Enquirer: 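Please see the structure below; I have some questions.
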Amino acid sequence: MSDFTYFAQVLVSGLGTGCIYGLIGIGFCVIYNASGIVNFAQGAFVMLGGMITQVALTRLGLPLPIAAIIAILLVAISGTVLERVVVRPLWDRNATMFVMILATLAAQIVVERATLLAVGDQPRTLPVFTDLPPLKFGGVAVSLQLIWILVTSCLIVAGLAVFFQKTKTGKAMRACAIDREAAALQGIPVKRMLALSFALSAGLGALAGVLITPTQYTAFNVGVPFAISGFIAAIVGGFGKPSGAFLGGLLLGVVQAAAIAGFGSGLKNVAALSMLLIFLFLRPGGIVGASK
Amino acid sequence: MTLPNTTSTERAGLLLRAWPLQLLPWAVSAAIVGYAFIVGGYVATVIAFALVYVVFVTGLNLFMGFANQVSFGQNAFAGLGGYASAILTTTYNWPVLPAMIAGIVLAVVIALIIGYPTLRLKGHYLAMATLAIGLITYEIAVEWQSMTQGYLGISGIPPLGIGSYEIISDRGQLAILSIVALLAVFIAARIKSSRMGRAFLALGASENAALALGINVSRTKLIAFLTAAAFAALAGALFVHVVGYVSPEVFGLHMVILGFTMLYVGGIGSIAGPLIGALLISLLPEVLRGFKDYQDLFYGTALILLLIYAPRGLAAFFERRERTGSAS
Amino acid sequence: MITRLSINNLTKRFGGLVAVGEVSFDVPVDGVTAVIGPNGAGKTTLFSLISGFLPPTEGTIRFEDDNIVGLTPDKLAARGLVRTFQLVQLFPEMSVLDNVKVGQHLHTSSGLLAAVLRPRATRAEEAQVEAKARELLDLARLSHLADRPAKILSYGQQRLLELVRALAAQPRLILLDEPAAGLDANESKHLAAMIRQIAASGVTVLLIEHDMSLVMSVADRVIVLDFGRKIAEGTPAEVRAHPAVLEAYLGGVEIADV
Ligand SMILES: Nc1ncnc2c1ncn2[C@@H]1O[C@H](COP(=O)(O)OP(=O)(O)OP(=O)(O)O)[C@@H](O)[C@H]1O
Ligand SMILES: [Mg+2]
């Protein structure tokens, strides 16, 4: 394989995981915009998405599309449960940002451990959505799962853009992002927007989990690394901007793929975490935002 | 402007009511450790872990309870201290005490290097950066197999001791750990009522006011961070020599959640809080023996409930604090 | 007349808004200088520029012959320039006494090791800090509340505490941002006496105040800002009669009241 095709191959696989990180990053932004909260339990949604689909598929014998839809709905509901049970009481008490982060991080651990007890620590995977040989572009192989990921994420990003620009609910959520108090004065139900943002963000996370699991695997503890990657995507894109987060995700995916190609897969997480620190230290406003 | 002063009888009454309550956490802690000492065996081991965590949580409390900063990555420094001491004593045959000291020094040096850029961050950026530092340390412990032996971990780490004298018995370990834990708490108490301690508390309450009074806020934060890192590294080093074994899981995210649960049970910002919090939280899962797998589930749930319903922890009962309101 | 603070052509823009525009004035060492002006005139911004909390867009600030633009607030405090805040910034959970002790941070030196080992020098320093803090609390008539947390003080008491806490830093120039806001008539009188006493002890006082009776009773000089510009400067009597000032204050209603 020539250097060029090798490089292109790395790039392509990086774009796939990058889309996933982007979706998770958007999940961060959606909640952050509606509430100013950074939800450290975001990774739990990703893990649950893949895990519930897998369980529905193997134990209940449901067809994959049905299993996936059920999983995404269940995770969206669990997002509102998280909002209701953990976030809302703290929110009502005006708890500090730190307490909110700690509580959602604790929720992440609780979900993780409950999953461990329920299904054990074996890594699980899903079948690819379309079991056909990869497409070839020159020497570069593009698997159909990758195409699923790319197409679905682009559709989601476009759909979200329409949702935020055109629908009443989407506009209301944006109003909350700009000024929550003013939004409340205009009669926007701010708390319902908070619940909705958790549902939406959880659903996005679950979808990301369903899409990525066939190419990797899922286990009770994959959530935190995914959450961190999504957070990086959000930061790189200038926190709070969904489209920025998506681009940030793509960038992270590519950088990480390059790091794996260069140093081996063991350093995959170290590469992502280092990128996070570099960004935080040098450009906390993201690529698009002004540096602080 | 003339305000009714608290009368002397009132004050005496307050004291009478406040004293036994303030002593309560110390008495309970002494009773728990004393009981473990008498019973020995398994209980002594459990309490030995708890005492190690007292050191860790006391450091966390300095940085978070006093200076009101955020760190989800203190496990990184525990890991550094623990691994350094483990590797030096096993691979390089160092004696235990110098190895532990080297581990602490290493952790403080690393904390100094990463503390400078990290502490300039605020809010969720600071939270995520510190979390990342903890996770990077974990990944390195897994990946740097020639040093750490990866997931397998390092076993055969010598027990605590000085020179050729090794403390092997449960009770001996418990005694030495009690002293170290008490010393850690004592140091925290002294710091709290000192010039530096007041500076920690001041910047924790209002960075602007602290700055306006001439406190070099970034430097003071760094000092608090380094102190907390030293406590964490000491705890990590104690841990590996008490258990005799170390693996990456020991210093994983589990340690962070456990530490926070202890801190919030005892009462963040209080002196006795880390002590009583660590002891009680270590005992509870033992009371529910046979539920080992449920431990983290339990800690996480407890932490969420505490944050929602009892954010001041037990300190709400044993520390006298006044409600906001006019004095007149 | 020796100058403590000399401001030259100072400008601060927030985007398109000129919060402070080309302001120049000198503050002599002796006495009390007041800065007045309608809401949003740029008074607090001016203080933030002088005390290093905000970087100026243009202009220079000289404190005792040194250009201090670019120095951080803690460095300025170490040089003897200390401010208070319009919205009181106490350490609410700390005791009243400890609040004042923090004020002495600059003039003490013990570090962490001394905190733990408490050698004789540290104990002596701590005793001195304590005595000085109690003395200042006496001045503010807050001694009886020394051991209570600062958050239980009434609003007026909190203002006084913030003032003596700033004094504990032993400034040569003190900037007071609306020290009388929220004080009742009695407390106001006490505050005015304290301010005169501070000025008499050789500390230069620069204060922002809305309470005109206080300004008239304590200030030796008045600087008037409006929309970020200096529109008048002089003795209280001069300023009071200045047409631009009367204009700025809605036809002089507020000033005429005095
Ligand atoms: N950080 C900031 N960013 C943008 N605009 C600001 C900022 N701080 C102040 N301003 C604006 O600058 C102007 C001057 O504000 P400043 O607080 O200095 O006024 P002031 O004279 O102290 O008013 P007051 O009497 O109400 O305290 C106001 O229009 C204010 O809205
Ligand atoms: Mg003002």
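Reminder, nothing fancy here: chain letters follow the sequence lines and each chain counts from 1. Keep in mind that this is a model prediction, so the values were computed, not measured.
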Enquirer: When rounded to the nearest 0.5 angstrom, what is the spacing between OG1 in C:Thr122 and CZ in B:Arg190?
Expert: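 With rounding to 0.5 Å, OG1 (C:Thr122) is 10.0 Å from CZ (B:Arg190).
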Enquirer: Between B:Arg195 and C:Lys101, is there a side-chain heavy-atom distance shorter than 4.5 Å?
Expert: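 Answer no - side chains too far apart.
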Enquirer: Which bit of C:Glu162 comes within less than 4.5 Å of chain B, counting heavy atoms only: side chain, backbone, both or neither?
Expert: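 For C:Glu162, there is no contact with chain B at all, as no heavy atom is under 4.5 Å.
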Enquirer: Between C:Glu93 and B:Lys192 (salt bridge meaning N to carboxylate O under 4.0 Å), is one present in this structure?
Expert: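 No, this pair does not count.
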Enquirer: Should we say atom OH of B:Tyr116 is surrounded by more than 12 heavy atoms from elsewhere, each under 6.0 Å from it?
Expert: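 It does not: B:Tyr116 OH has 12 such atoms or fewer within range.
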Enquirer: For chain B, which candidate among C:Ala78, C:Pro73, C:Ser51 shows the most heavy-atom pairs at distances under 4.5 Å?
Expert: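 Between C:Ala78, C:Pro73, C:Ser51, the count favours C:Pro73.
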Enquirer: What part of C:Tyr155 lies closer than 4.5 angstrom to a heavy atom of chain B: side chain, backbone, both or neither?
Expert: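 When you check distances to chain B, no heavy atom of C:Tyr155 falls under 4.5 Å.
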Enquirer: In terms of heavy-atom pairs under 4.5 Å, which option from C:Ala77, C:Ser110, C:Ala169 contacts chain B the most?
Expert: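 Of the options given, most contacts go to C:Ser110.
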Enquirer: If you tally heavy-atom pairs under 4.5 Å against chain B, which of C:Arg118, C:Met94, C:Gln89, C:Gln104 wins?
Expert: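 Highest number of pairs under 4.5 Å: C:Arg118.
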Enquirer: Side chains of C:Leu106 and B:Leu213, heavy atoms from C-beta outward: is any pair under 4.5 Å?
Expert: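 With C-beta onward as the side chain, the pair stays apart.
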Enquirer: Do B:Arg198 and C:Val129 have side chains that approach each other closer than 4.5 Å (heavy atoms only, starting at C-beta)?
Expert: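 B:Arg198 vs C:Val129: side chains touch.
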Enquirer: Please state whether the side chain, the backbone, both or neither of C:Leu76 comes within less than 4.5 Å of a heavy atom of chain B.
Expert: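 Neither part.
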Enquirer: Does any heavy atom of chain B fall under 4.5 Å from the side chain of C:Ser109, the backbone, both, or neither of them?
Expert: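 The backbone, not the side chain.
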Enquirer: What residue, out of B:Asn208, B:Asn216, B:Val217, has the most heavy-atom pairs lying under 4.5 Å from chain C?
Expert: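 It is B:Asn208.
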Enquirer: Are any of the side-chain heavy atoms of C:Phe91 and B:Leu201 separated by less than 4.5 Å?
Expert: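 A side-chain contact under 4.5 Å is absent here.
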Enquirer: A side-chain contact here means heavy atoms from C-beta on lying under 4.5 Å apart; do C:Asp74 and B:Ile215 qualify?
Expert: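 In short, these two side chains do not touch, never coming nearer than 4.5 Å.
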Enquirer: Assess whether atom CD of C:Gln128 is packed by more than 12 heavy atoms of other residues, nucleotides or ligands within 6.0 Å.
Expert: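 No, because the 6.0 Å sphere around CD of C:Gln128 holds 12 heavy atoms or fewer from other groups.
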Enquirer: Out of curiosity, C:Leu112 CG to B:Ile223 CD1, how far, rounded to the nearest 0.5 Å?
Expert: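 It is 6.0 Å, given to the nearest 0.5 Å.
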Enquirer: Select one option (side chain, backbone, both, neither) describing which atoms of B:Ser193 are under 4.5 Å from chain C's heavy atoms.
Expert: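 Looking at B:Ser193, backbone and side chain both touch chain C.
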Enquirer: For atom CG of C:Asp66, is the number of surrounding heavy atoms from other residues, nucleotides or ligands below 6.0 Å larger than 12?
Expert: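 Above 12, so yes.
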